[in-house]
Number of protein chains: 2
Amino acid sequence: MSIVLHNGCLGSDEIVNDTEETQGRSERRDAAENRQRILDAALRLFEHNGVEQVSMNQIATEAKIGPGTLYRRYRNKSELCLDLMKENIIILFENIEAHLTQNRTAPASQRLKGVLILFIRFREKKSQLLTGVEESTTTNRFRSRTQSPLYVELHQLLVGLLDEMTVTGHTPPDSVFKADMLLMALSSDSYSFQKEERGYSSEKFLEQIWLTFNFQDV
Amino acid sequence: MSIVLHNGCLGSDEIVNDTEETQGRSERRDAAENRQRILDAALRLFEHNGVEQVSMNQIATEAKIGPGTLYRRYRNKSELCLDLMKENIIILFENIEAHLTQNRTAPASQRLKGVLILFIRFREKKSQLLTGVEESTTTNRFRSRTQSPLYVELHQLLVGLLDEMTVTGHTPPDSVFKADMLLMALSSDSYSFQKEERGYSSEKFLEQIWLTFNFQDV
DNA sequence: ATAATAAACGGAGACGTCTCCACTTGTCAA
DNA sequence: TTGACAAGTGGAGACGTCTCCGTTTATTAT
């Protein structure tokens with residue numbers, strides 16, 4: 001599972017690229033079959049029990065394969081969820097791309113807001129799976145999050161927009177840093193905490209982000 | 001293990017309060033002894049192997065007690081780390097209190113900066129243990145982080161300062177939200193990521209936080 | 001077809017978290 | 001002192017992640 005970084009503007013189709021890097025050789029027939037079983041089993045279990053509640057073990061059992069086989073394909077649940085979200089990720093990036101070209105002449109802050117809105121919508125749509133993607137059993141949660149191609153891609157995008165927005169005259173705030181903070185603020189953990197514990201709606205949340213990061217009006 | 005919220009300004013001594021809520025009855029002798037063994041064992045193992053690498057199992061074995069006994073006292077490693085840091089937490093809050101009264105008349109933004117500096121120093125000093133405190137095996141990492149009394153206390157403090165700093169005339173950014181974001185930005189995950197992956201020094205990190213959140217100069 | 005071979009498989013097992021509960025032990029009132 | 005009993009204990013065991021490695025299977029060259 002890998003999302004291929006592309007040169008220049010977003011190429012929605014190339015973003016999610018399965019099979020190992022640059023075609024080693026096509027997938028063996030039995031392997032392909034098993035992968036489908038895994039995906040089916042996972043989806044079934046996720047729907048019945050919720051993503052959080054389902055263990056890799058259960059998935060293996062449901063798919064009637066050994067744990068080793070499951071782990072060979074997906075190092076953890078996070079990777080599996082990512083694979084299950086391929087579709088939606090592609091759509092997200094297509095939407096972003098469309099929005100970005102449509103508003104090509106608008107101020108960067110406006111384009112940024114649009115991107116954030118699209119991302120929040122995306123998050124809402126498949127919140128459980130996305131939380132699954134961002135989760136990680138192993139130590140260094142943030143580290144694994146930031147290594148995910150989804151993160152890298154979005155980060156790059158944000159850096160571009162933030163750079164454009166930099167107010168000339170002030171000390172330039174490092175856009176890389178700012179993008180990291182922004183993505184952290186938009187993470188599952190943060191988002192669901194604000195919604196559930198602090199009682200914010202999506203709109204209020206976004207508004208607060210905007211105020212906190214002190215972006216330009218509208 | 002509980003940190004008692006206090007009324008009004010910081011009462012450094014009351015912040016860390018052991019034994020269960022408001023004295024149920026004093027700890028049994030054998031229990032007290034075991035707790036000491038646990039603390040000793042944990043410290044020993046942490047020093048030799050690093051906090052991350054040590055499991056609750058190992059601690060129990062090293063302390064020569066059953067796993068059940070260990071878990072009865074500390075629901076997880078995080079709580080154990082918190083107990084191990086009591087001293088340092090008290091000192092942190094004492095320092096903050098001192099700084100706050102010393103600069104009582106200075107602008108809130110300056111006081112805030114001081115608090116952040118003290119916090120970063122605190123983090124540096126016991127980084128491993130603090131990371132341990134913020135870690136959590138269970139689902140909902142952020143949730144458990146935010147429920148920790150250390151979080152609640154700091155959050156309260158920040159809200160106070162941020163409220164003072166609110167520029168009259170702008171849309172008031174919710175200080176509770178801002179404080180959440182700030183604490184998230186200062187979390188172990190974030191801090192160590194910026195230091196190790198992005199190559200920031202403590203000073204640069206703090207500077208970027210300042211710029212990102214767009215606080216007043218100095 | 002068939003042999004060679006690399007990929008894929010499965011499950012045992014190491015190690016981890018955490019719970020449950022029958023048993024022991026400290027404490028305190030009588 | 002002693003007995004009642006809450007507090008504390010320990011370890012078996014349920015369940016989870018993840019690895020290792022001997023065996024099976026698909027593919028491809030012959």
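Order of the sequence lines sets the chain letters (A, B, ...), proteins ahead of strands, with each chain counted from 1.
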_All side-chain hydrogen bond (donor to acceptor under 3.5 Å, both in side chains) counterparts of A:E124, not counting sequence neighbours_ = A:Y191, A:K195, A:S202
_Integer-rounded Å distance: C:dC15 C1' and B:I59 CD1_ = 15 Å
*What nucleic acid atoms does B:R72 come within less than 4.0 Å of, heavy atoms only: base, sugar-phosphate, or nothing?*
base
Atom pairs, N/O to N/O, protein against nucleotides 17-19 of chain D, distance under 3.5 Å?
{"from": "D:dT17", "atom 1": "OP1", "to": "A:M56", "atom 2": "N", "distance (Å)": "3.2"}
{"from": "D:dT17", "atom 1": "OP2", "to": "A:M56", "atom 2": "N", "distance (Å)": "3.2"}
{"from": "D:dT17", "atom 1": "OP2", "to": "A:N57", "atom 2": "N", "distance (Å)": "3.2"}

*For B:S188, check side-chain hydrogen bond (donor to acceptor under 3.5 Å, both in side chains) against everything at least two apart and list the hits.*
B:R123, B:T131, B:E134
*Value in whole Å for how far the P atom of D:dA26 lies from CG of A:D30*: 5 Å
*Atom CD of B:E135 and atom P of C:dG16: how far apart are they, to the nearest Å?*
15 Å
*Find which nucleotide of DNA chain D each of B:K64 and B:R28 is nearest to by heavy atoms, and output the residue with the more 5' nucleotide.*
B:R28
*Whole-Å distance between C:dT25 C1' and B:I65 CD1?*
16 Å
_Counterpart residues, side-chain hydrogen bond (donor to acceptor under 3.5 Å, both in side chains), relative to B:S175 (two or more places apart)_ = B:D163
_Sequence-distant partners of B:R75, salt bridge (Lys or Arg N to Asp or Glu O under 4.0 Å), two or more places apart_ = B:E79
Side-chain donor/acceptor pairs under 3.5 Å, residues 59-66 of chain B, sequence neighbours excluded:
{"from": "B:T61", "atom 1": "OG1", "to": "B:N57", "atom 2": "O", "distance (Å)": "3.1"}
{"from": "B:E62", "atom 1": "OE2", "to": "B:R44", "atom 2": "NH1", "distance (Å)": "2.5"}

*Can you check the A:E27 CD to D:dT27 P distance for me, whole Å?*
11 Å
*Grab the CG-C1' distance between A:N49 and D:dC15 for me, whole Å please.*
15 Å
*Whole-Å distance separating the CZ atom of B:R35 from the C1' atom of D:dT9*: 16 Å
*Are the charged groups of A:R111 and A:E164 less than 4.0 angstrom apart, N to O?*
yes
*Whole-Å distance separating the CZ atom of A:R37 from the P atom of C:dG10*: 8 Å
*Among the nucleotides D:dG10, C:dT25, C:dC9, which one has an atom lying closest to any side-chain atom of B:N34?*
D:dG10
*Go through A:D174 and B:Y200 one step at a time and tell me if the side chain to side chain donor-acceptor pair (under 3.5 Å) criterion holds.*
CA-CA 11 Å; A:D174 192 329; B:Y200 283 110; 2.3 Å; yes
